[in-house]
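The structure appears below as C-alpha cells.
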Amino acid sequence: MRRLLLTGFAVLLGHGVAFAHLASDSYLRIELDTHAKVSGQWDIALRDLDAAIALDAGPEGLMTWGKLRAKQSKIEAYAFSHLAIGGGACPIEPNGFLVDYHAGNAYAVIRFTADCAQAPSPLILNYRLLFDLDPTHRGLLTIIQPGGERSEVLSPDHPEVALDQAPSSAIETVGRFIGFGISHILLGYDHLLFIGVLLIVAPFQRAARSRAADGQFESVRRSRILFEHRIFPKTGSHFWVRCSSWKPIEGFGNVLIQTLKILTAFTLAHALSLTLAVLGIVDIPSRLVDPAVAMTIMAAAIDNVRPILPQLRWTVAFGFGLIHGLAFASALVPMRLQPSGLALALASFNIGVELGQIALALLLIPIVYVVRWEKVYLRFFAPALSLAAFGLASIWLVERVAGFM
C-alpha cells in the first residue's frame, strides 16, 4: 500500500506540473450612464489572441505595433463575436485600439461604445471569450454605474451578468473573489509548484545535532550535510556515515500544524506584498518579479535535497511569499477598483488562495505522512521530485529572463 501511495504522490505532483499553465485573464470595464449609453474598455492578452486567431508574430517571435495594428480588424471581430450586450440589441462600435502591459505581459486594449436605448431590461452582458479554447479563462469585469461600482468574475459557469442591476452585496462579492483566489492558486503553475515543493517535506523536520549518553554516537554537520560519527566499542575504530538531513515528525496533528504554519505564512506574506502593490506603494517591474518567482522554486527544491535555507520552513514560506505576492498583483491591479471594493476583493482573494493551498495540502499531506518512514521516499522520491521541480523552474527562469532582454 505504501508503495502504491508513493507512486500516486509522484503521479499527482507530476500531473499538476505537466498540465499547469499561465493563468488566462482578460479585463473588461463597462461604464453606464443615465441615457442607456455604454462605454467600455477590454484588455485581452496577446498570448491569448495568438492562440485564438494566430497573430503571426513572424519567425523572430516579435509582435511590433505595426504588425498588431494590421490585425486590428481581425482582433476586434474575434473579440466582439464573443461579447453581446442586451441580447444583441446594443450594437457595439469600436472607437480605440491600444497596447498596455500588465505584470510584463502585453495586452491589446479595445475601447468601444454601445447604444442600448432599444435593449430590454435587465441589460444582460454575455461573455464567451476563449471559453471554447481554455475553460480556465476568466473575464474580470468592472461595472461602473451612476449609483456605484461592482465587480464580477466571468467564467464558463457564470458567463452572463445584468449590467443595470443594483450593486452586488458584500457577501456576493466575497464569494466571487474567494472563488477567483482558489482558481488563481490552483491554476497558477509557478505558485502551485512552489507550494508543492514545500509540501514534499512538510511531514519532516531538520535533524538536530545530538549525542548519546554513552558518548558512542553523535551527529554533526560538515559542509551543511548531516553525518553520524560512530565508534566500534571493541576495536575503537572510527567512521563517518552520511545520513538524511530530515527526520519524520511524530503524530499527524503535529504534521498538520507544521503544514498550516507554512501555508499561512505564505498567505500572510503574499497578502502583504499584494496589498502594497495594488495600492501603488510598491512597484517592482515584472521583469524582476517573474524570474525571482522561478528562483524561489529552485531554492526551495535544492533545500529539500541539501540545506541552504533557514531551518524553520514557515520562515522560508513567508520570505518567498513576499515575492509571489508581487506576482499575484497582476490579477487585481488592472481592474482599477475603488478603495472600498478593492479592500473586499483583496481580502476575499487572499482567503481563496489560502483555501486553494489547504485543498492541495489535504490531497498530498496524508500520502506523504503515510510513506514518511519509507527509506525510498527520502532517498529517491523526494529528491527526484525536488530536482524535477528545480529543472522546470530553471527553464522558466531562462525563458523569463530571455523574454525581457
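Nothing fancy with the numbering, it's 1 onward along the sequence. Just so it is clear, the values below take in all heavy atoms, side chains as well, and ignore hydrogens, waters and symmetry mates.
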Separation of Ile284 CD1 from Leu326 CG (nearest 0.5 Å): 5.0 Å
Do Leu28 and Thr142 have side chains that get closer than 4.5 Å, going by heavy atoms? no
State, yes or no, whether a side-chain contact exists between Phe177 and Leu140 at a heavy-atom distance under 4.5 Å. no
Verdict with supporting geometry, Ile302 and Phe390, side chain to side chain contact (heavy atoms under 4.5 Å, CB included): CA-CA 7 Å; Ile302 288 297; Phe390 178 89; 3.5 Å; yes
Hey, are the side chains of Asn254 and Gln205 touching, using non-hydrogen atoms and a 4.5 Å cut-off? no
As a quick check of understanding, evaluate side chain to side chain contact (heavy atoms under 4.5 Å, CB included) for Leu49 and Leu46, giving each step before the final call. CA-CA 5 Å; Leu49 289 172; Leu46 294 189; 4.1 Å; yes
Enter the distance from Asp303:CG to Leu198:CG here, rounded to the nearest 0.5 Å. 9.0 Å
Please check: side-chain N/O of Arg313 versus main-chain N/O of Gln311, any donor-acceptor pairing under 3.5 Å? no
Exercise: identify the closest heavy-atom pair between Ile30 and Leu32: CG2-CD2, 4.1 Å
Less than 6.0 angstrom from the centroid, inside 45 degrees of the normal: does Arg206 satisfy that with respect to the ring of Trp246? yes
Within the structure provided, determine whether Leu125 and Leu154 are in side-chain contact (heavy-atom separation under 4.5 Å). yes
Expected output: side-chain Asn304 to main-chain Val197 donor-acceptor under 3.5 Å: yes
Any sub-3.5 Å donor-acceptor pair from Ser348's side-chain atoms to Ala345's backbone N or O? no
Checking side-chain hydrogen bond (donor to acceptor under 3.5 Å, both in side chains) against Tyr127, which of Arg138, His158, His137 comes through? His137
d(Arg69 CZ, Thr64 OG1) to nearest 0.5 Å is 12.5 Å
Please find out if less than 6.0 Å separates the ring center of Phe180 from that of Phe349. yes
All heavy atoms of Ile85 vs all of Leu163, minimum pair found to be CG2-CD1, 4.0 Å
Write down the atom of Pro156, the atom of Pro135, and the distance for their closest heavy-atom approach. CG-O, 3.4 Å
Is there a side-chain contact between Ile92 and Cys90, using heavy atoms and a 4.5 Å cut-off? no
If I take atom OG from residue Ser386 and atom CD1 from residue Ile297, how far apart are they, to the nearest 0.5 angstrom? 12.0 Å
Find the distance between CG (Asp164) and CD (Gln145) and round it off to the nearest 0.5 Å. 7.5 Å
Identify the heavy atoms of Glu76 and Ile110 that sit nearest to each other, and give their distance. CG-CG2, 4.2 Å
With sequence neighbours excluded, what pairs up with Ala388 under the side-chain contact (heavy atoms from CB on, under 4.5 Å) test? none
What class does the angle between the rings of Trp396 and Tyr189 fall in, given that below 30° is parallel, 30 to 60° is tilted and above 60° is perpendicular? perpendicular
Side chains of Gln357 and His191: any donor to acceptor distance under 3.5 Å? no
Does Asp134 reach the main-chain N or O of Leu130 with its side chain, forming a donor-acceptor pair under 3.5 Å? no
I'd like to know if the side chain of Asp100 and the backbone of Tyr107 have a donor-acceptor N/O pair within less than 3.5 Å. no
Between the main-chain N or O of Glu160 and the side-chain N or O of Asn126, is there a donor-acceptor pair closer than 3.5 Å? no
Counting N and O atoms only, with roles assigned by atom type, does the side chain of Tyr369 sit under 3.5 Å from a partner on the main chain of Phe252, one being a donor and the other an acceptor? yes
Within the distance-only criterion (no hydrogens, no angle test), does the side chain of Asn95 pair as donor or acceptor with the backbone N or O of Phe112 below 3.5 angstrom? yes
Checking the side chain of Ser26 only, and the main-chain atoms of Ile44 only, is there a donor and an acceptor separated by less than 3.5 Å? no
Answer yes or no: is there a side-chain heavy-atom contact under 4.5 Å between Lys37 and Thr113? no
Check the pair Asp290, Asp190 against side chain to side chain contact (heavy atoms under 4.5 Å, CB included), reporting the backbone distance first and the verdict last. CA-CA 9 Å; Asp290 289 346; Asp190 42 7; 5.8 Å; no
Within this structure, what is the CD1-OG distance for the pair Ile178 and Ser183, rounded to the nearest 0.5 Å? 12.0 Å
Could you check Leu55 against Lys67 for side chain to side chain contact (heavy atoms under 4.5 Å, CB included), going step by step and ending with a plain yes or no? CA-CA 8 Å; Leu55 295 180; Lys67 293 178 181 178; over 6 Å; no
Any side-chain donor paired with an acceptor under 3.5 Å for His270 and His324? no
Please report the closest heavy-atom contact between Val368 and Pro203, naming both atoms and the distance. CG1-CG, 3.3 Å
Partner residues of Phe318 under the ring-ring contact (aromatic ring centres under 6.0 Å, His included) criterion, sequence neighbours left out: none
Closer than 3.5 angstrom, by distance alone: can the side chain of Asn350 be matched with the main-chain N or O of Leu346 as a donor-acceptor pair? yes
Other residues, nucleotides, ligands: >12 heavy atoms within 6.0 Å of Ile281 CD1: yes
Could you tell me which non-hydrogen atom of Leu129 sits nearest to which non-hydrogen atom of Ala79, and how far apart they are? CD1-CA, 4.5 Å
